[in-house]
Amino acid sequence: QKSISSDAVTENNATAVITALNASLVTSTAAITSLTFTPFSSNFLANSTFSLYGVAALGTTPVLAPKATGGNIVANDGTYWYHAFTSSGNFVPQVGLTADCLVIAGGGGVSSVPNGYSGGGGAGGVIYFTNQSLTTISHNVVVGAGGATVSLGSNGNNSTFAALTAAVGAGLGGGWTGGAAGSGGSGGGSRVGAGGATTQTGTGATSFFGTAGGSGNNYVAGGGGGGATVAGFPATADYVGGAGGNGTSTFSSWGLATNTGQNVSGTVWYAGGGAGVTASTGGLGGGGNGTTAPYNGTPNTGGGGSGNGGPAGTGNGGSGIVIIRYPIN
């Protein structure tokens, strides 16, 4: 059903003063495709004007305001409003909302030692909740930073949305100095031995994602970091590290609406694992590549950093992201 109201008044210096207020209810559920203005008794005079509010042209997205504030990116796809946080902030509904929440932690960083042949950093954990009831209070959002490139590598940082959701930071990539691959949202790749494990959990979540890192090869090649849905690959030969595991494309429509994530031929990915040392590729979803410096994971994807196999470079993990969506109507 659609309600319609109108009002009218003549100019103050008119010979006759007429005011009008009309209201009606259209009971048809069919879309309105045209509007026609018809005078009561005579033609409209020159310079008559009309203003329409709350009506969009046929085939365009409805001109509606979002029902909440907060987020670095606020966009809609005609069905949902999306609030994407690429940095920490607050989400404040103006009315009570039922929302879906996607939370991705920061990716793991790797060893900074030159010629360390470290494993790739794991992807940040991904966690998703549907139908969350949000009241008109300020809900804190924390976007986890990626792990830094330091001597032993470092885990990514957790991302959180209020008290509802939390995604675990990624595991670091194991390096030359003896540091073992770390566990986290997805595990880091190892320089030798097994890769790190996933510790991502999702109590009460609709779904959550995380995998293990890949194994190393006799100290001279590191395994790839685990991605959200595909485990890191083992090193294949001396000086040839394992590829990072792919992330998830489950939330591609979210990425297309907000222009976030890694867009590959129209499909958006998040939380890819970092590659292990040289001649290997990062996982889809922002995992750092092992072929071209810098070897960082892509910011706001939760992608893991790539292992360093030559001169010292950076293999920082990519920062995380938090996206909240709710229906337009």
Side-chain angles (χ1 to χ4, degrees), residues 1-3 29 31-32 53-105 124-144 158-168 200 202-209 228 247-263 266-271 285 299-302 319-329:
Q1 294 182 346
K2 308 168 184 67
S3 60
T29 59
I32 295 174
Y53 300 94
V55 179
L58 183 65
T60 64
T61 301
V63 181
L64 299 172
K67 301 174 185 177
T69 62
N72 305 89
I73 301 166
V74 180
N76 77 72
D77 61 3
T79 303
Y80 294 99
W81 279 107
Y82 297 83
H83 295 248
F85 288 80
T86 57
S87 60
S88 299
N90 292 285
F91 179 76
V92 186
Q94 304 303 296
V95 296
L97 295 175
T98 299
D100 302 327
C101 311
L102 174 65
V103 183
I104 301 175
V126 179
I127 195 165
Y128 173 56
F129 283 70
T130 59
N131 299 321
Q132 298 297 303
S133 296
L134 305 179
T135 60
T136 56
I137 63 172
S138 181
H139 303 271
N140 186 241
V141 177
V142 176
V143 175
N158 295 353
S159 292
T160 62
F161 174 58
L164 296 175
T165 63
V168 178
Q200 182 64 67
T203 303
T206 304
S207 55
F208 56 95
F209 304 84
T248 175
S249 62
T250 299
F251 307 98
S252 180
S253 61
W254 300 49
L256 292 172
T258 59
N259 196 29
T260 59
Q262 181 186 7
N263 190 322
T267 299
V268 177
W269 298 76
Y270 295 97
N300 298 124
T301 64
S319 54
I321 190 169
V322 175
I323 307 177
I324 301 152
R325 77 171 187 181
Y326 52 86
I328 283 180
N329 296 319

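In this structure, S159 contributes its side chain and I104 its backbone to a donor-acceptor pair below 3.5 Å. Side-chain atoms of T136 do not come within 3.5 Å of backbone N or O of P93 as any donor-acceptor pair. Of the possible donor and acceptor atoms, one in the side chain of T301 sits under 3.5 Å from a partner among the backbone N and O of G285.
T206 meets the side-chain hydrogen bond (donor to acceptor under 3.5 Å, both in side chains) test with T130; sequence neighbours excluded. Partners of V168 by side-chain contact (heavy atoms from CB on, under 4.5 Å), not counting sequence neighbours, listed by chain and number: N158, T199, Q200. Not counting sequence neighbours, the partners of T69 by the side-chain contact (heavy atoms from CB on, under 4.5 Å) test are V92, Q94. When the side-chain hydrogen bond (donor to acceptor under 3.5 Å, both in side chains) test is applied to S207, no partner is found at least two apart in sequence or on another chain. Under the side-chain contact (heavy atoms from CB on, under 4.5 Å) criterion, S319 pairs with P299, N300, not counting sequence neighbours. In terms of the ring-ring contact (aromatic ring centres under 6.0 Å, His included) criterion, residue partners of Y128 (sequence neighbours excluded) are, by chain and number, F251, W254. Considering only residues two or more places apart in sequence or on other chains, T250 meets the side-chain hydrogen bond (donor to acceptor under 3.5 Å, both in side chains) condition with T248. Partners of N72 according to the side-chain hydrogen bond (donor to acceptor under 3.5 Å, both in side chains) rule, which considers only residues two or more places apart in sequence or in another chain, are T86, S87. Residues meeting the side-chain contact (heavy atoms from CB on, under 4.5 Å) test with N263, sequence neighbours left out: L256, V268. Applying the ring-ring contact (aromatic ring centres under 6.0 Å, His included) criterion to F85, with sequence neighbours excluded, gives no partner residue.
When all heavy atoms are compared, the tightest approach of G204 to F129 is O-CE2, 3.4 Å. Of all non-hydrogen atoms in T258 and I73, the two that sit nearest each other are O-CD1, 3.5 Å. Among all heavy-atom pairs drawn from A167 and V103, the shortest one is CB-O, 3.5 Å.
Q132 contributes atom CD, which lies 9.5 Å from atom OG1 of T98 (distance to the nearest 0.5 angstrom). The CH2 atom of W269 sits 9.0 Å away from atom OG of S252, with the distance rounded to the nearest 0.5 Å.
The list of salt bridge (charged side-chain N to carboxylate O under 4.0 Å, His left out) pairs with a residue in residues 320-329, not counting sequence neighbours, reads D100-R325. Sorted by first and then second residue, the salt bridge (charged side-chain N to carboxylate O under 4.0 Å, His left out) pairs with a member in residues 66-76 form an empty list; sequence neighbours excluded.
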- Show your reasoning for whether side chain to side chain contact (heavy atoms under 4.5 Å, CB included) applies to L102 and V126. CA-CA 7 Å; L102 174 65; V126 179; 3.8 Å; yes

- Message: Could you go through W81 and L97, starting from their C-alpha distance and side-chain angles, then the distance that decides it, and tell me whether this counts as side chain to side chain contact (heavy atoms under 4.5 Å, CB included)?
- Response: CA-CA 11 Å; W81 279 107; L97 295 175; over 6 Å; no

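Under the side-chain hydrogen bond (donor to acceptor under 3.5 Å, both in side chains) test applied with Y82, the options T260, N76, D77 reduce to a single match, D77.
Under the 4.5 Å side-chain criterion, counting only non-hydrogen atoms from C-beta, L134 is not in contact with Y326. You'll find the side chain of V143 reaches within 4.5 Å of the side chain of S88, heavy atoms only.
Atom CG of N90 sits in a crowded spot, with more than 12 heavy atoms from other residues, nucleotides or ligands closer than 6.0 Å.
Relative ring orientation between F161 and H139 is described as tilted, the plane-to-plane angle lying within the 30° to 60° band.
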